[in-house]
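Structure first, then comments.
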Amino acid sequence: MKALRINDYGAPLHVDEVPVPSPARGQVLVENHFTSMNGVDPGRGLGYLRQVFQLQFPWTPGGDVAGRVAAVGDGVTGFKVGDEVFGYTREAGAYAEFVLVNGANLAHRPASITEEQAAATALVSQTATQMLELSKIKPGQTLLILGASGGVGSLAVQLAYNAGVHVIATARSSKAAALQQLGAERVIDLAQQRLEDLPKVDAVLNLIGGDTVLPSYALVKKGGVAVTSNRPPIAEEAAHLEIQPAFVETNVTTEGLNGFVKLVTQGKVKPQIAAVTTLWSPETLWDKHETEKIGKIVFSVRS
Ligand SMILES: NC(=O)c1ccc[n+]([C@@H]2O[C@H](COP(=O)([O-])OP(=O)(O)OC[C@H]3O[C@@H](n4cnc5c(N)ncnc54)[C@H](OP(=O)(O)O)[C@@H]3O)[C@@H](O)[C@H]2O)c1
């Protein structure tokens, strides 16, 4: 089968021909049709997470999977060959034609969610859901979502709106109308307005990180929660401001994916896809894709 691999930290992605893996106990082999862009993949490839995830080279990145079951390992009861499925593998390996995924991180894909949408949401739907849970936000309260036009943010806006929460989002102004349609009451372009000048809110979901973490803490009312996704909490500053810091470590489960699929099927959440492009262009795969649409960059494995 074809797979994209890197030979060392920071080395370029390239196409290799490799054997199709066999599922071990509890694993499902998925014939992969679509995967998608997650910042953790280039991050791991560059060695940023080598303390936590040491890589064995050659290494195949990729987490999101959408396709059909090709084989099941011993002990797998919920899936059979031919089932349409989607899910996420923390062990990576999804930039390939066949992928091993633990049955516990996989769900059936009904016709109400396309393969592209499934690959676009397996990880980030759970991140958005779990960040909202961590934020402890309640109906009628106000939530600020920083970096709302991406994979996590475009779903978090919808989930928060459905929960009766007032959403203030940040995004480039060209993406404001799309986010307002999904339920954001106000969209702020940080190129035109300073974070420091925004009103106080009950909680923040921060999908940008970097130097926005500290100023975003200052926007949270006393007793509120600031949730980060790519920067560890700054406990001292949070204690000083009398807010609660939280960090999401997304756990993708069959149950969580089924819950998300239900919302899509009921028309309550619409997965957002910014672009679909081939997986087999390793030189440019991780370049920033400039698109006027919100949501995820999806990679097609079969074309
Ligand atoms: N801890 C976990 O378990 C977990 C799980 C999933 C994701 N994450 C992390 O969560 C973050 C969000 O994920 P995602 O999939 O939603 O990423 P994404 O699709 O790349 O979205 C990131 C958003 O942030 C905006 N942004 C980035 N840098 C910015 C800056 N300097 N100023 C203003 N806006 C900026 C982007 O806007 P533009 O596109 O307009 O620049 C985009 O809307 C990523 O860092 C990802 O690695 C963590």
Side-chain angles (χ1 to χ4, degrees), residues 35-46 48-49 52-53 61-64 88-90 92 94 105 119-135 144-160 167-179 182 184 187-196 198 204-216 226-233 245-253 256-257 260 271-275 277 285-299:
T35 181
S36 77
M37 180 69 202
N38 285 306
V40 72
D41 290 305
R44 285 173 82 176
L46 286 165
Y48 294 156
L49 300 171
V52 199
F53 296 114
D64 291 311
Y88 183 77
T89 169
R90 225 172 208 279
N105 310 129
T121 54
L123 173 68
V124 294
S125 65
Q126 305 308 298
T127 310
T129 305
Q130 290 163 26
M131 287 183 86
L132 278 171
E133 286 165 5
L134 287 167
S135 79
L144 171 64
I145 304 179
L146 295 175
S149 63
V152 179
S154 62
L155 297 177
V157 167
Q158 300 180 68
L159 295 169
V167 177
I168 303 177
T170 75
R172 297 167 203 221
S173 35
S174 59
K175 298 181 177 177
L179 287 167
L182 298 180
V187 182
I188 287 150
D189 186 339
L190 291 177
Q192 289 165 14
Q193 200 171 336
R194 286 176 357 129
L195 195 50
E196 289 81 351
L198 300 192
V204 170
L205 306 189
N206 193 333
L207 305 164
I208 301 176
D211 57 10
T212 67
V213 175
L214 273 182
S216 74
V227 190
T228 48
S229 61
N230 56 17
R231 287 291 177 279
F247 175 76
V248 68
E249 275 186 84
T250 311
N251 183 20
V252 178
T253 62
L257 293 172
F260 177 71
Q272 301 294 312
I273 295 179
T277 176
L285 197 76
W286 285 340
D287 290 355
K288 188 158 171 60
H289 291 79
E290 292 297 348
T291 147
E292 284 311 302
K293 291 178 77 179
I294 63 170
K296 270 271 187 167
I297 306 295
V298 172
F299 300 138

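Just so you know, residue 1 is the first one in the sequence shown, and it goes up from there. Quick caveat: nothing in here was measured; it's all calculated off a predicted structure. Start at 1 and go down the list; that is how both ligands and their atoms are numbered.
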Notebook entry, point to check: Nearest protein heavy-atom contact for atom 26 (N) of ligand 1: which residue, which atom, what distance?
Noted result: Ile208 CG1, 3.9 Å

Check: Between Leu49 and Arg44, which heavy-atom pair has the shortest distance, and what is it?
Finding: CD1-CG, 3.6 Å

Margin query: Taking 4.0 Å as the limit for heavy-atom contacts, which would you say applies to Ile294 with ligand 1: side chain only, backbone only, both, or neither?
Written below: neither

Check: Side chains of Thr277 and His289: does their closest heavy-atom pair fall under 4.5 Å?
Finding: yes

Next item on the list: Examine the proximity of ligand 1 to Leu123 and report which part, side chain or backbone, both or neither, has a heavy atom under 4.0 Å away.
Entry: side chain

Next item on the list: Can you sort out which atoms of ligand 1 are near Leu207, meaning under 4.0 Å from one of its heavy atoms?
Entry: 11 (C), 12 (C), 24 (O)

Checklist line | Gln130 side chain to Thr250 side chain, donor-acceptor N/O pair below 3.5 angstrom | finding: no

Notebook entry, point to check: Which residue owns the protein heavy atom closest to atom 8 (N) of ligand 1, what's the atom, and how far is it?
Noted result: Ser229 O, 4.0 Å

Check: Closest non-hydrogen protein atom to atom 19 (O) of ligand 1, residue and atom name please, with distance?
Finding: Gly151 N, 3.0 Å

Next item on the list: Please confirm whether Gln130 comes under 4.0 Å of ligand 1, counting heavy atoms of the residue only.
Entry: no

Item checked: Region of Thr250 engaging ligand 1 - heavy atom pairs below 4.0 Å -> both

Next item on the list: Answer with side chain, backbone, both or neither: which part of Gln272 has a heavy atom less than 4.0 angstrom from an atom of ligand 1?
Entry: neither

Notebook entry, point to check: Does the protein place any heavy atom closer than 4.0 Å to atom 46 (C) of ligand 1?
Noted result: no

Notebook entry, point to check: In the protein, which heavy atom is nearest to atom 23 (C) of ligand 1, and how far is it?
Noted result: Gly147 O, 3.5 Å

Next item on the list: Name the closest protein heavy atom to atom 44 (C) of ligand 1, giving the residue it belongs to and the distance to 0.1 Å.
Entry: Asn230 ND2, 3.9 Å

Next item on the list: Return the residue, atom name and 0.1 Å-rounded distance of the protein heavy atom closest to atom 42 (C) of ligand 1.
Entry: Ser149 OG, 3.8 Å

Next item on the list: Heavy-atom contacts with Lys288 under 4.0 Å: which atoms of ligand 1 show up? List them by number with element.
Entry: 38 (P), 39 (O), 41 (O)

